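Structure, as structure tokens:
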Amino acid sequence: MRFFSYDKHIPNEDEIKIKGRTEFLNLIKQAKKDWQLSQKLLSEVTDCDLMDYVIYSIKANEARYRYLLKNARLQNLQGDAWTGENFNDI
């Protein structure tokens with residue numbers, strides 16, 4: 001069972017411009033994977049106290065993913081970079 005660290009950095013708009021399009025899109029992909037992984041973890045947890053933690057993890061990972069998507073849309077990151085990924089699922 002994997003536990004998550006929530007000291008993940010969320011870039012601001014200036015950092016997005018500096019890091020570049022590809023790296024930012026990789027952040028979005030990783031955020032989506034983290035969110036999906038935390039959802040899978042919920043089905044494996046049996047301890048009630050740990051379940052609260054996992055639910056918090058799901059909410060935190062979802063919020064991070066939504067935030068990154070919102071910034072991507074504001075930066076007009078779309079087109080060929082989105083190929084193969086469904087970033088409009090939220």
Side-chain angles (χ1 to χ4, degrees):
M1 189 178 316
R2 178 180 170 209
F3 293 97
F4 301 96
S5 169
Y6 287 98
D7 58 348
K8 296 177 183 176
H9 177 70
I10 298 176
N12 61 34
E13 290 180 27
D14 293 331
E15 289 175 315
I16 293 168
K17 291 176 187 175
I18 293 169
K19 287 188 176 207
R21 175 181 172 141
T22 304
E23 190 171 337
F24 185 67
L25 292 175
N26 287 336
L27 279 174
I28 295 172
K29 290 177 186 178
Q30 186 59 48
K32 184 176 182 179
K33 287 179 187 176
D34 290 344
W35 179 34
Q36 292 170 334
L37 192 58
S38 62
Q39 289 174 323
K40 288 180 184 177
L41 184 61
L42 185 61
S43 65
E44 298 174 10
V45 173
T46 57
D47 184 357
C48 291
D49 293 330
L50 193 55
M51 193 167 292
D52 288 340
Y53 170 77
V54 173
I55 291 169
Y56 170 79
S57 300
I58 292 169
K59 295 285 188 182
N61 284 323
E62 180 183 10
R64 180 173 184 258
Y65 180 55
R66 285 178 182 261
Y67 174 81
L68 292 171
L69 283 179
K70 179 182 172 186
N71 279 322
R73 289 182 184 121
L74 290 174
Q75 296 292 323
N76 289 324
L77 293 180
Q78 54 190 350
D80 60 330
W82 301 102
T83 303
E85 290 291 333
N86 182 10
F87 290 113
N88 295 316
D89 59 351
I90 293 185

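Just so you know, these numbers come straight off a predicted model, no measurement behind them. Counting begins at 1 with the first residue of the sequence.
By the side chain to side chain contact (heavy atoms under 4.5 Å, CB included) test, D47 pairs with D49, L50, sequence neighbours left out. Residues passing the side chain to side chain contact (heavy atoms under 4.5 Å, CB included) test with N26, sequence neighbours excluded: T22, K29. Residues that satisfy the side chain to side chain contact (heavy atoms under 4.5 Å, CB included) test with L42, not counting sequence neighbours, are M51, V54, I55, I58.
No hydrogens or angles considered: a donor-acceptor pair under 3.5 Å links the side chains of Y67 and N71.
Atom CZ in R73 sits 11.5 Å away from atom CG in L68 (nearest 0.5 Å). Between K40 atom NZ and S38 atom OG the span is 10.5 Å, to the nearest 0.5 Å. Q39 contributes atom CD, which lies 9.0 Å from atom CG of N61 (distance to the nearest 0.5 angstrom).
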Between D34 and Y65, is a side-chain contact (heavy atoms from CB on, under 4.5 Å) present by the stated rule, with each step listed?
CA-CA 9 Å; D34 290 344; Y65 180 55; over 6 Å; no

